[in-house]
> 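Below is the structure I would like to discuss, written out as structure tokens.
When reading the values below, keep in mind they use all heavy atoms of this one structure, side chains included, and skip hydrogens, waters and symmetry mates.
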Amino acid sequence: MINITFPDGRVQPVEPGTSPLDIAKSISEGLARNVLAAEVNGEIRDAFRPLTEDAKLRLLTWDDPGGQSTFWHSSAHLLAEALEVLYPGVKFGIGPPIAGGFYYDVDLGDRILREEDLPVIEAKMKELGKAKNAYRRREVSKADALAFFGAKGDEYKLELIDGLQDGQITFYEQGNFTDLCRGPHIPDTGAIKAVKILNLAGAYWRGDEKRKQLTRIYGVSFPKQAQLDEHLALLEEAKKRDHRKLGQELGLFTFSQKVGAGLPLWLPKGTIVRGLLEEFLKKEQLRRGYTPVVTPHIGKKELYVTSGHYEKYGADSFQPIRTPREDEEFLLKPMNCPHHCEIFKHKPVSYKDLPVRIAEFGTVYRYEQSGELHGLTRVRGFTQDDAHIFCTKEQVKDEFKDVIDLTLMVLKKLGFEHYTAQISVRDPNTPEKYIGDPANWERAEQEIKEAADEKGLITTVVEGEAAFYGPKLDFMVQDALKRSWQLGTIQVDYNLPERFELEYIGSDNQRHRPVMIHRAPFGSFERFLGVLIEHLAGNFPLWLAPDQVAVLPISDKYVDYAIEVTGFLKNRGFRSFADDRNEKIGKKIRDSELLKVPYMLVVGEKEASSRQLSVRRHGAGDVGILDWETFATRLQNEITVGL
RNA sequence: GCCGAUGUAGCUCAGUGGUAGAGCACUUCCUUGGUAAGGAAGAGGUCUCGGGUUCAAAUCCCGACAUUGGCUCCA
């Protein structure tokens, strides 16, 4: 007998060769139906794979991420099976589970898949699912594996097998389909009841753009149709919230072919929102000892040769601009830091001046490949809420903590409640990739972790993700639809102080090299606003709304009163307009609701004669009659509270 | 940059070889209406751009540009 330990500590002896699925069956049939995989001594395995020795066992259902990814992985195999039936001779790349489902990369030869083909694939998958074919695991020798896929003519699988060690190769089969696979898989295809093939895309074999491009088929699947429906509804909701669509509908920004791809044009309303964010941050930064600066949009090529950016990115940047007479070369600035380094250098700095915090909403231009551009989140010209902190190495930790504070304050103010921090440190195996004193690195990495801990951040530490010039902390922010975005960043830099020969005079009257910290709580206004629009579904809080109050006269007899009210509100600093169109009140309300204006004031005979306001809140409806002062106070209170 | 899709009025879209359509928005007129669309008339388009095929191209072919789903990249 072998001993199986359950998560609650209970130990049950079973015959060797018993599978977790058998154990589930012995507990209840219902459980057995729901078991997708098993965690055996911390490793996720097939629930049907026999246990041969003492083990800690956890049965995984749909509610476990491990159960879901196994389910999706098996769905990818089911997709492959369907493809093989529909398109004989299809060759397969890889087919893994991913965050929101699964995909399979396939080579269909000359055949091009179209949207119309997707329902056919879905139908075939459902049909094969109903067959309830069991997934079977089989260990094969390398020679046999090569022989199998050689006979099938699948060069991609052959290449994969080539990279595997003999004795560690397994096949999984279900129905008539056999795939090279490490597993694990769910017990049988019957569990895959709801399937949706989402989209098609090209993907290079092994992610290498020099190699053949395969067709990547994305799908998602669930044990129940209701779950799929819910998932599709969420995707629908995401589409509705798309900042590109809302930006258009709310008149926030636009793009022009003539101006150029990836170069957003901020419309008046968008500019108001953006300006309010700037104002908010500027105020907060002044309070925290930042000193604002302004630097030009271009800089001489030598500036970037000094900074090292020219060597590293010059070829992949907008190319230099030349002056007609002197033949000097200027670059559009891709970063603000070289300019800020020169500002730091403009006069001798004492240790008593440190930290120096130079802040600028600096617009930068980066050449992004045409296929990369996307709404506001990936553009070629954008404005960073940038600042560079020059400090001693002893001050790094406190500065980090202050920037974390600032960032959290920003996220809270804008209604982002879920976020984590990713700390990127050196890859210990390739120390030669990093510049700067290893002792400083060690210290900074440690202090970043401490600072994040002391501020109560949930962190993940990723080795090898650090920039060559220093470790960093990035904020990963989750929006209302549980999508994760990388926004703010804090980075330590040992490189630029060196290259620009930055110095300060210490208390010992000697020259010392400061440490530089790059930081941007929003990242860029463009990207942040894109994410914010989707997070809020375009419903800006009162303080950020481009129009705060729409005054809606019932008929043109009350337009004068509406204009008077608008004037009062404007004097109190609220953004307000009167809708004096010759339209019925229902129409005016509808239009203001669609524009997501937070407050609507309906004014007619009653209000004009009593000098009152009939107040309506966006999304909430009629909130009753208020006098002017009470309404103004209500607005002020709502703004003060924030959200 | 690569692969696929798309590009028709300000917006959303119909229009598969014979000189361009709808709804909304816009303008004018009628209407003066109390919490999500009042009525009528009008104006608005070298059908993204450039080539080609054809008696004839929004429509078919080629190329460019832009948008888009991905891939690769991202200081």
> Roughly how many Å apart are B:rU46 and B:rU19, using the C1' atom of each and rounding to a whole number?
13 Å
> I'd like to know if the side chain of A:Q491 pairs up with that of A:H518 as donor and acceptor (distance under 3.5 Å, no hydrogens or angles considered).
no
> Does A:Y204 have a side-chain nitrogen or oxygen under 4.0 Å from the phosphate oxygens OP1 or OP2 of B:rC2?
no
> Give A:L552 one of three labels, base, sugar-phosphate or nothing, depending on what nucleic acid heavy atoms sit under 4.0 Å from its own.
nothing
> From OH of A:Y103 over to P of B:rG69, roughly how many Å is that when rounded to an integer?
18 Å
> Please work out if A:E607 contacts a base, only the sugar-phosphate, or nothing of the nucleic acid, heavy-atom cut-off 4.0 Å.
base
> Of all the nucleotides listed (B:rG1, B:rG69, B:rA75), which has the minimum atom distance to the side chain of A:N199?
B:rG69
> For A:I585, report the nucleic acid contact type (base, sugar-phosphate, nothing); a contact means any heavy atom under 4.0 Å.
sugar-phosphate
> So what's B:rA37 paired with, Watson-Crick or G-U wobble, going by both distances under 3.5 Å?
none
> Base, sugar-phosphate alone, or nothing: which one does A:H374 contact when heavy atoms must sit under 4.0 Å apart?
sugar-phosphate
> Testing A:T377, A:V273, A:L252 one by one against A:L529 for a side chain to side chain contact (heavy atoms under 4.5 Å, CB included), which residue passes?
A:V273
> How many whole angstroms separate atom CG of A:L332 from atom P of B:rA75?
18 Å
> I'd like the C1' distance from B:rU68 over to B:rU32, given in whole Å.
47 Å
> Does a distance-only test, which skips hydrogens and angles, find a donor-acceptor pair under 3.5 Å between the side chain of A:Q369 and the base of B:rC71?
no
> Less than 6.0 angstrom from the centroid, inside 45 degrees of the normal: does A:R617 satisfy that with respect to the ring of A:Y599?
yes
> Give A:G93 one of three labels, base, sugar-phosphate or nothing, depending on what nucleic acid heavy atoms sit under 4.0 Å from its own.
nothing
> Within the 4.5 Å heavy-atom criterion, are A:K333 and A:T295 side-chain neighbours or not?
yes
> Could you tell me whether A:R616 contacts a base, only the sugar-phosphate backbone, or nothing, with contacts defined as non-hydrogen atoms closer than 4.0 Å?
base
> Could you state the CG-C1' distance from A:L214 to B:rC2, rounded to the nearest angstrom?
13 Å
> Does the plane of the ring in A:F361 sit parallel, tilted or perpendicular to the ring in A:F525? Use 30° and 60° as the thresholds.
perpendicular
> Base, sugar-phosphate, or nothing for A:R244, non-hydrogen atoms under 4.0 angstrom?
sugar-phosphate
> If you check the A:N582 side chain, which of B:rG1, B:rU32, B:rU35 turns out closest?
B:rU32
> Using the rule for Phe, Tyr, His and the six-membered ring of Trp, do A:Y218 and B:rG70 stack at under 5.5 Å and under 30°?
no
> Identify whether any heavy atom of A:E249 sits under 4.0 Å from a base atom; if not, whether one sits that close to sugar-phosphate; answer base, sugar-phosphate or nothing.
nothing
> To the side chain of A:Q213, which of B:rU67, B:rC2, B:rG34 is closest?
B:rC2
> Looking for any heavy atom pair under 4.0 Å, which part of the strands does A:G586 touch: base, sugar-phosphate only, or nothing?
sugar-phosphate
> Side chain of A:I554: nearest nucleotide among B:rG7, B:rG38, B:rG33?
B:rG33
> Side chain of A:Y469: nearest nucleotide among B:rA75, B:rC71, B:rA37?
B:rA75
> B:rC71 P sits how many Å from A:L373 CG, rounded?
15 Å
